[in-house]
Structure formats: structure tokens, C-alpha cells
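For reference, the structure is listed below as C-alpha cells.
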Amino acid sequence: MKKVELVFIPTPGISHLVPTVEVAKLLVDRDERLSITFLVMKLRSDPKVDRFIDSVCKAYNRIRFIHLSKLEPDPNQPNNLFVSLIESQKPNVKEEVSRLVRRSESSPGSPTLAGFVLDMFCTSMIDVANEFGVPSYIFLTSSAACLGLQFYVQALHDEQKVDPTEFKGSDTELVMPCLANPLPAKLLPSVMLNKEWLSFLITPTRRFRETKGIMVNTFEELESHAINSFSNGNTPPVYPVGPMLNLNRDGDPDVESDKFKDIRQWLDDQPPSSVVYLCFGSMGCFGVDQVQEIACGLEQSGHRFLWSLRQPPPNGKMEPPIDYTSPRDVLPEGFLDRTANTGKIIGWAPQIDILGHPSVGGFVSHCGWNSILESIWFGVPIATWPLYAEQQFNAFTLIAEMGLGVEIKMDYRGEFQLDGDEYSIVSAGEIERGVRCLMELDNGKRERLKEMSGKSRTVLENGGTSSTWLGRFIKDVMDHQP
Ligand SMILES: O=c1ccn([C@@H]2O[C@H](COP(=O)(O)OP(=O)(O)O[C@H]3O[C@H](CO)[C@@H](O)[C@H](O)[C@H]3O)[C@@H](O)[C@H]2O)c(=O)[nH]1
């Protein structure tokens, strides 16, 4: 039996690392010839990430983690510095991979290097893979539609010489193969509308075309139109292998923490499907004015709520938000007392456990792709409130392409995010309307969501579409061996 090793290089941060590790787990479970080494970069220390990695190391002896030196961002530099920080790790990556190769050459029976699996922001490592003469693959932590959008904008820019930043402020609608509906240009990700940041997206997308294949954290049944749009052979093979979710919480100390027990107890005390949960991902937060509008909107809606409210980072936009020590200070006078029986404010949320709780009936979300997949898995409808990155586009696909959500806002840009230079306040009235619409959702949408939730739970079972695509990916990796 020929044993092979894949080197995975994820982007730092829980929302990219977790789904990437989940796909690695499935690969080694599926094929005993495979081992995986993660080369992990860190921007900051994060106990959640450390605990997650520890738990994987304990459970999987064919997945290893090697920590590269910490990335040291300069907060005064533009945000695409992030990609250059990753690029600066090339010599370290080369050194670690050389070590792997030497080990494999000196000890018979140890796995040989079969290829690199890279996050979308790590495509500069294709150069290192080329030096070792092995193929590169991508694991995309966003949607197939987003992949299609990237290819569309890159081709528009490189082949038709169209500058996408000129769509900024226009009411053009873009027709592209990955979408069944025209996309209003105002919903393009900010990186596509800003001259300074455009290369942040165009460069990696060009490099996607050099790879031998792209695994995507999605499934055929959810994004059939987008996935079919890749069948013309103009791109490397696309493998929809998702949803990659970290659902197994056994041994996670958070689950046994007092904070978590308190949240669970509160949810246990609420009627079924009565609570709207609000959470804006690992980096989402708002200024005081917006927080007050949310509070008023929630109160006016009359619905029960569980709100993950976090504070803008004191040290600038490269940092994640932090929990408030006293949320009372930023909330309207008397709000906590008036809503004491119907609402709860928390900081970082045990999101998977919350979405899986029967009391939760709706989710106000920033539309990060992991949150969308998690909400679909648990059949909890989303009201969209995107902040940054590709979230406006995700909100559009959720509503227009999949018919699964309701809108609070689709074109909002967050104030405290890296690309959130322009923002406006979403009013209490808009929030109230969105929350009512979400919690009083029509039966048709609920049924569609229930059906999709059921599908998301079967696609990775034996014979399911994602399971089949995962098998094809492994076969292609093996076929590319020298
Ligand atoms: O209080 C919190 C906040 C987040 N999460 C978890 O953290 C992850 C957040 O991921 P996601 O919903 O995708 O949001 P971001 O953290 O914003 O993710 C980044 O990465 C995603 C995948 O590439 C992109 O779709 C987003 O736009 C980008 O901001 C999810 O698994 C959540 O369950 C929690 O458990 N508790």
C-alpha cells in the first residue's frame, strides 16, 4: 500500500481553520493511505483554536500540526498586507516540507509527499509546491457561487479589460454563469470595488487556475446552478464536498463551562422556536449607535432574543471584537430590565449548540458562509445583515438563489471591519420588520429549509453527493502521483 501525505496550509482564524480541519478528518477516515500535515500560521494567540487543534491531535494520529512562526502585522499598513504576511512564510513552509521529504526518503514505509491543499489566501504557496514537483489544490471555505463570482470578475478584468471598481455606486446588474439571477453590482464584495484591494482577489483567483482541483465547502443540492456552471472545463475540477461543520463537541471544555450551562438553561426555559438568535461571526461588531438601534428593534418586535453582543476591538481593525464587561453601558436606559424575562445578552456564543436548540426559531446573521451552512443544517432561517468580505454576496445567494432567508439588509457595509469604510445605521424599524418577518416566516420557506436541512445531513453519508465527490478528489490525488 503506497502511503501519501498532503500538506494543508489554512489561513489563520477559526472560520477558515475549522472547516479545513474537518475536511482533513474526513479524508483520513476515508482512506488509510492518506496522512495530513497542517502548517499552521497564527496572527494572535487564540485559546479556542489551540483547544480545537489539541482535540484533533488526540483523536487522529494521521493528522499532525506544525506551528509556523507568528505573523506580525503592522496595523498601519493596508489590509492586503495579510496576504503578504502569509507570503513571507514561504521559506518556513519550504523548510518544514523539506524535513517531511527527508523523513520520507530516509524511512521506508513513511508516506511520500502527494500535494498541497491551500486556503484561498495561501495561493503564493503554489510556488513552494512547484519547487517540490507536487500538485496544488484549493480548499475554499466559502460557497461555489462565490468561486464562480471570483472567476467571473477575474476573467472580466484580465480578458475583457473591464475594471470592476467602476461598478461602485452604479445600478448595473451583472449576469454571470454561476448565478441564476442577475446580481446588483452594489452587492459585490468590497475588495472588488476598491482599486487598492482588487489585486487581493484577482491574484489568488488567477492562481486558482494553476491548481489541479478546488474542493468547496458546499453541496450539490444546495448550489446546483453554481456547481453546474463549472462543468465547461474552463476551470480546474471543482469538488463540492461539504458541509464541513464541527458538530462533535465531546470533550470541549466550553460545553461544560458555567457560561454555557447558563445559556442552555435559559434556552431550556423558552418555548419551542420562540427565540431569535443574533450573531455576527468571529469579527463582527457595531458602534454604540447601532447597538442601540438593534436593542430598540428587538424590543419593538416583541420576540424573545439571544444576542451575541461584542465590543469593537480597542486596538484597531486587525483584531477581533471582545466581550463587554458591562453591556448595560451601551444599551438603552432600562433595556435590560424591561427585557429581563424575554431576552439574554451574551458575548462569544456557542453557536452550534444554540442553533441546535429547539427554542431557537430564527437567526439574524452577517452571512459568513459557516454560519449559513450551520443554520441550514439545523433548519433555522436567517435574516441577512452582511458586514464585510463576501457576505453581501452570500446574503444575495441565500435569498435570491436558494430562496431560504429573509432580508434585514443586503448591501450594508460594517463600520468596524477591514473593508467597512462606508456604513450607515440600520434603523430600529428595519430591524423590527426583519425580525418579525423572520420569526413569522411563511410555511413555504420553512418547508424548503426543512428539506434542505435534511439533504445537508445525508450528502456525506455513503453514496451521498459530497461523499462521492470526496472519493473523486482522493482518486485524482492518487492519479497525480508520479
Ligand atoms: O460568537 C460566535 C461567533 C462565531 N462562532 C463560530 O465561528 C464561525 C464563524 O464563521 P462564519 O460564519 O463563516 O463567519 P466569519 O467568522 O465572519 O468568517 C469568515 O470566513 C468565512 C468563510 O470563508 C466567510 O464566509 C466570512 O465572510 C468571513 O468573514 C462559525 O462556525 C460560528 O459557529 C461562534 O461559535 N460563536
Side-chain angles (χ1 to χ4, degrees), residues 10-23 43 46-49 51-52 79 82 119-122 138-147 149-150 187 189-191 201 204 215-218 242-249 252 254-255 257 259-260 263 277-285 306-311 317-318 320-324 345-356 360 363-378 380 382 384-398 412-414 416-420:
T11 292
I14 201 144
S15 26
H16 284 245
L17 181 74
V18 169
T20 312
V21 172
E22 291 303 320
V23 81
L43 265 174
D46 185 342
K48 283 190 279 298
V49 168
R51 284 201 297 270
F52 173 66
N79 84 7
F82 184 57
D119 185 86
M120 69 166 286
F121 296 120
C122 301
I138 301 291
F139 175 67
L140 190 74
T141 55
S142 193
S143 67
C146 187
L147 178 65
L149 169 71
Q150 282 184 238
L187 301 178
S190 300
V191 283
L201 179 107
M215 283 189 282
V216 186
N217 191 9
T218 189
M244 294 295 150
L245 308 175
N246 177 229
L247 298 166
N248 183 355
R249 315 273 277 110
D252 183 337
D254 279 354
V255 175
S257 68
K259 228 178 181 174
F260 180 74
I263 295 170
Y277 162 61
L278 296 87
C279 185
F280 299 88
S282 57
M283 300 290 277
C285 57
L306 179 63
W307 179 6
S308 166
L309 170 61
R310 300 168 78 212
Q311 185 177 349
K317 292 180 174 181
M318 290 288 279
I322 50 174
D323 291 3
Y324 280 104
I345 306 270
I346 56 173
W348 175 267
Q351 178 157 305
I352 290 276
D353 307 275
I354 291 172
L355 289 174
V360 174
F363 179 13
V364 174
S365 169
H366 74 313
C367 299
W369 188 242
N370 294 294
S371 291
I372 290 184
L373 291 177
E374 290 162 7
S375 79
I376 290 172
W377 178 275
F378 289 109
V380 177
I382 280 186
T384 61
W385 188 341
L387 303 181
Y388 65 108
E390 88 300 20
Q391 294 152 16
Q392 294 79 13
F393 179 76
N394 290 348
F396 172 81
T397 56
L398 184 75
Y412 179 86
R413 314 254 158 194
F416 285 95
Q417 278 64 48
L418 286 171
D419 57 4

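Here, residue 1 is the first one in the sequence, and each next residue gets the next number. Source: prediction; values computed, not measured. Atoms within each ligand, like the ligands themselves, are counted from 1 in listed order.
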| field | Neighbouring protein residues of ligand 1 - any heavy atom closer than 4.0 Å | value |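 Residues within 4.0 Å of ligand 1: Ser15, His16, Thr141, Cys279, Gly281, Ser282, Ser308, Trp348, Ala349, Gln351, His366, Gly368, Trp369, Asn370, Ser371, Glu374, Tyr388, Ala389, Glu390, Gln391, Asn394.
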
| Looking at residues at least two apart in the chain, or sitting in another chain, which of them share a side-chain contact (heavy atoms from CB on, under 4.5 Å) with Ser282? |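 Checked Ser282 against side-chain contact (heavy atoms from CB on, under 4.5 Å); matches are Ile14, Ser15, Trp348.
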
| said: I need the Ile346 CD1 to Tyr324 OH distance, nearest 0.5 Å. | reply: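 If I round to the nearest 0.5 Å, the distance is 14.5 Å.
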
| message | With rounding to the nearest 0.5 angstrom, report the CD to CG distance, Glu22 to Asn248. | response |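 Atom-to-atom, Glu22:CD and Asn248:CG are 8.5 Å apart.
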
| Would you find a donor on one side and an acceptor on the other, under 3.5 Å apart, between the side chain of Ser365 and the backbone of Thr384? |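 No.
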
| query | What closest approach, in Å, do Arg413 and Pro189 show between heavy atoms, and which atom pair accounts for it? | reply |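 Looking at all heavy atoms of both residues, the shortest contact is NH1-C, 3.7 Å.
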
| request: Check the angle between the aromatic planes of Phe280 and Trp385 and answer parallel, tilted or perpendicular using the 30° and 60° thresholds. | output: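 Perpendicular: the ring planes of Phe280 and Trp385 meet at over 60°.
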
